[in-house]
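Here the structure comes first, spelled out in C-alpha cells, and everything after it is commentary.
Chain letters run A, B, ... following the sequence lines, proteins first and then strands; every chain starts at 1.
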Amino acid sequence: MALLTVDGPFDLAATLKSGQAFRWRRLESESDDPPWFESVAFERLIYLRQSNDGVEFSTTPDSDPDIASLLRDYLRLDEGISAIYEALAFDEQVAQGIARYPGLRIVRQDPWECLASFICSANNNIRRITKNVEDMASELGSPIAGHAAERRSFPTATQLATAGEGVLRDLGLGFRAKYLVATAERVAGSEFDLFALRLAPYQDALDALTELPGVGDKIANCVLLFSLDKPEAFPVDVWIDRALREQHFSTPTTPMPRSHMRPWAQERFGRHAGYANQYLFHSRRLG
DNA sequence: AGCCAGGCCCTCC
DNA sequence: GGAGGGCCTGGC
C-alpha cells in the first residue's frame with residue numbers, strides 16, 4: 001500500500017461515483033475506516049481509499065513503479081482546484097454546489113473507454129450504463145494478469161468491433177449496439193486518432209467526435225471533459241437543462257432551447273465551464 | 001399501463 | 001435550424 005498526497009479539497013467518493021466513470025465499485029468496509037473503491041485500469045485491479053493525508057492505493061499486479069504517477073494523473077491531483085473554485089464563485093448556484101461537495105474533481109480517463117461508455121449513456125440511466133459497461137468488459141475484455149477469474153479490462157476498440165452488433169445486442173446494449181460497433185471500427189482504424197484529440201483545440205476535437213456515429217454534442221462534450229483535457233467542455237443533459245432553466249431562463253416568453261445553453265455557459269464560465277457543469281449536474285441530480 | 005432514463009438520428013417543414 | 005417521433009431495455 002502507498003499514499004498519494006493531495007493538495008486542496010478532495011472527495012474520493014464524490015469524484016468516483018458522480019457519473020463520470022462507470023467502473024468504480026465501493027467495497028464493503030469492515031470497520032469505521034473509509035471504504036475502498038475498486039476498478040480496472042492500466043491493465044490492473046486498482047484500489048483507492050481516502051485517508052487523512054490523501055489517497056491510499058494498491059494495485060494488482062503491482063510491478064509498475066510508475067503506477068503512482070498514473071493514478072495522480074487519473075485523479076488530477078496536481079490540479080489547482082482552489083483557484084478554480086475562486087474563479088467560479090461569482091455564480092451563486094455553482095458556489096452552493098462547491099460548498100456542499102468540496103473536493104469533487106473531474107477525472108482524466110482513458111479516451112476510448114470514456115467514449116464507449118458515454119455512447120451507452122444515450123437515453124439510458126446510470127445504473128444500467130454501469131451494467132452495460134461491466135457486461136462488455138466481462139464478455140469482451142482481457143483478463144488481468146494473475147487474476148483470470150476476476151474483473152477484466154474494458155475491451156479495446158478492436159475487441160468491440162470484432163464482437164459485432166449481434167453480440168452487443170445480446171448483452172443488452174439495445175439500439176446503441178450499432179453505434180458502438182461503427183464507432184469502434186472508426187477508432188480501431190488508422191484514420192481516426194482519438195488520443196491525438198488531447199492536443200487538438202476544443203472546437204476541432206468536438207467536430208471530430210461528433211462525426212462518429214452515436215456521438216452528438218452532449219456525449220462529445222462528456223468525452224472532451226472527462227478524458228481529452230478540454231476543461232471548457234460543457235455537456236448539456238436533462239439535469240443541466242433543468243438547472244439552467246430554473247436559475248436563468250424561468251420567466252422569458254421564449255425559453256432558451258437546449259442547443260443555445262452550451263455556448264451561453266461557455267461564455268459565462270470560460271475555461272472552467274467543465275467544473276461549473278459538474279457542480280450544477282451533481283447538485284441538481286442529488287437534489 | 002405508461003413514462004422516464006445524463007441522446008442521437010432521421011424526416012419533414 | 002428546429003420540431004417531432006422512433007429507438008432497446010429495465011425500473012417504478
Side-chain angles (χ1 to χ4, degrees), chain A residues 14-24 93-94 97 101 104 106-107 109 113-136 138-139 160 163-187 206-228 230 233-247 249 252-265 273-287:
Chain A
T15 299
L16 299 182
K17 299 300 284 183
S18 57
Q20 305 178 48
F22 297 96
R23 296 203 70 191
W24 289 100
Q93 205 175 184
V94 174
Y101 306 105
L104 167 63
I106 289 171
V107 299
Q109 300 177 52
E113 178 173 336
C114 187
L115 173 59
S117 297
F118 278 95
I119 289 175
C120 296
S121 76
N123 204 26
N124 206 347
N125 58 64
I126 289 182
R127 178 176 176 159
R128 187 168 159 232
I129 299 165
T130 302
K131 180 181 189 308
N132 288 158
V133 170
E134 199 62 32
D135 287 348
M136 284 193 286
S138 302
E139 196 68 23
L160 218 53
E165 180 181 342
V167 169
L168 293 180
R169 279 198 174 259
D170 290 345
L171 283 177
L173 272 297
F175 64 86
R176 306 160 197 83
K178 64 177 179 298
Y179 298 142
L180 283 164
V181 170
T183 287
E185 287 170 348
R186 294 279 302 279
V187 171
L206 175 60
D207 292 343
L209 286 176
T210 51
E211 289 296 308
L212 297 169
V215 183
D217 193 88
K218 189 271 172 182
I219 288 175
N221 272 276
C222 286
V223 178
L224 291 168
L225 182 58
F226 301 140
S227 76
L228 291 175
K230 302 294 179 282
F234 194 90
V236 178
D237 58 32
V238 292
W239 299 102
I240 292 293
D241 185 309
R242 287 168 192 161
L244 292 186
R245 202 170 293 285
E246 288 163 7
Q247 192 74 8
F249 315 120
T253 51
T254 56
M256 177 177 283
R258 191 180 286 192
S259 60
H260 292 188
M261 287 182 172
R262 179 171 63 74
W264 179 89
Y275 260 98
N277 182 286
Q278 192 62 195
Y279 273 102
L280 292 172
F281 172 75
H282 201 67
S283 305
R284 186 64 180 76
R285 188 170 74 89
L286 300 186

field: Side-chain (Glu113(A)) to main-chain (Val133(A)) donor-acceptor, under 3.5 angstrom
entry: no
field: Separation of the P atoms in dG6(C) and dG2(B), to the nearest angstrom
entry: 15 Å
message: As an exercise, state the distance from CG of Leu212(A) to CD1 of Ile219(A), rounded to the nearest 0.5 Å.
response: 10.5 Å
- prompt: Contacts to DNA chain B from residues 209-217 of chain A, heavy-atom cutoff under 4.0 Å, which residues?
  reply: Leu212(A), Pro213(A), Gly214(A), Val215(A), Gly216(A), Asp217(A)
message: Taking only the P atom of each, what is the distance from dC8(C) to dT11(B) in whole angstrom?
response: 15 Å
message: Just to be sure I understand the rule, does His260(A) reach a base, reach only the sugar-phosphate, or reach nothing, if contact means heavy atoms closer than 4.0 Å?
response: sugar-phosphate
query: Do the non-hydrogen side-chain atoms of Met261(A) and Arg245(A) ever get within less than 4.5 Å of each other?
result: yes
query: What does Phe226(A) touch in the nucleic acid at a heavy-atom separation under 4.0 angstrom: a base, only the sugar-phosphate, or nothing?
result: base
- prompt: From Phe118(A) CZ over to Cys222(A) SG, what is the distance, rounded to the nearest 0.5 angstrom?
  reply: 4.5 Å
Side-chain touch Leu115(A)/Ser227(A), heavy atoms, less than 4.5 angstrom: no
- prompt: How long is the span from the CD atom in Gln109(A) to the CZ atom in Arg23(A), to the nearest 0.5 Å?
  reply: 11.5 Å
message: Check for me whether the distance between the ring centres of Phe234(A) and Phe281(A) falls short of 6.0 Å.
response: no
- request: Using a strict cut-off of less than 4.0 Å between a Lys/Arg side-chain nitrogen and an Asp/Glu carboxylate oxygen, indicate whether Glu211(A) and Arg186(A) qualify as a salt bridge.
  value: no
message: Need two values: the first and the last nucleotide of DNA chain C, 5' to 3', having an atom under 4.0 Å from any heavy-atom of chain A.
response: dG2(C) to dT9(C)
query: Which residue lies toward the 5' end of DNA chain C, Asn123(A) or Arg127(A), if each is placed at its nearest nucleotide?
result: Asn123(A)
message: For Lys131(A), is the NZ atom crowded, meaning more than 12 foreign heavy atoms sit under 6.0 Å from it?
response: no
- request: Would you confirm whether Ser283(A), through its side chain, and Leu280(A), through its main-chain N or O, come within 3.5 Å as a donor-acceptor pair?
  value: no
Sugar-phosphate only, base, or nothing, as touched by Ile126(A) at under 4.0 Å among non-hydrogen atoms: base
- request: Measure the spacing between OH of Tyr101(A) and CD of Gln278(A) and express it to the nearest 0.5 Å.
  value: 11.5 Å
- request: For Gln20(A), answer base if it contacts any base atom (sugar-phosphate contacts may also be present), sugar-phosphate if it contacts only those atoms, and nothing otherwise; contact means non-hydrogen atoms under 4.0 Å.
  value: base
message: Please classify the nucleic acid contact of Thr183(A) as base, sugar-phosphate, or nothing, using heavy-atom distances under 4.0 Å.
response: nothing
Name every donor-acceptor pair, under 3.5 Å, that has one atom in a side chain of residues 165-173 of chain A and the other anywhere in the protein, sequence neighbours excluded.
unit_1: Glu165(A); atom_1: OE2; unit_2: Arg169(A); atom_2: NE; d: 3.0

- prompt: When rounded to the nearest Å, what value does the distance between C1' atoms of dG2(C) and dG6(B) take?
  reply: 22 Å
query: When all nucleic acid strands are considered with a 4.0 Å heavy-atom cut-off, which category describes Tyr179(A): base, sugar-phosphate, or nothing?
result: sugar-phosphate
Whole-Å P distance, dG5(C) and dC3(B): 13 Å
message: Any base atoms under 4.0 Å from Arg242(A), or only sugar-phosphate, or nothing? Heavy atoms, all strands.
response: sugar-phosphate
message: Test of understanding: with side-chain hydrogen bond (donor to acceptor under 3.5 Å, both in side chains), list the residues that count as partners of Asn132(A), not counting sequence neighbours.
response: Asn124(A)
Positional range of nucleotides in DNA chain B within the contact set of chain A, heavy-atom, under 4.0 Å: dA5(B) to dC9(B)
Neighbour count above 12 (heavy atom, 6.0 Å) for Arg127(A) CZ: no
task: Using Watson-Crick or G-U wobble pairs with both distances under 3.5 Å, give me DNA chain C in dot-bracket, 5' to 3', with [ ] for crossers and | for pairs to another strand.
output: |||||||.||||
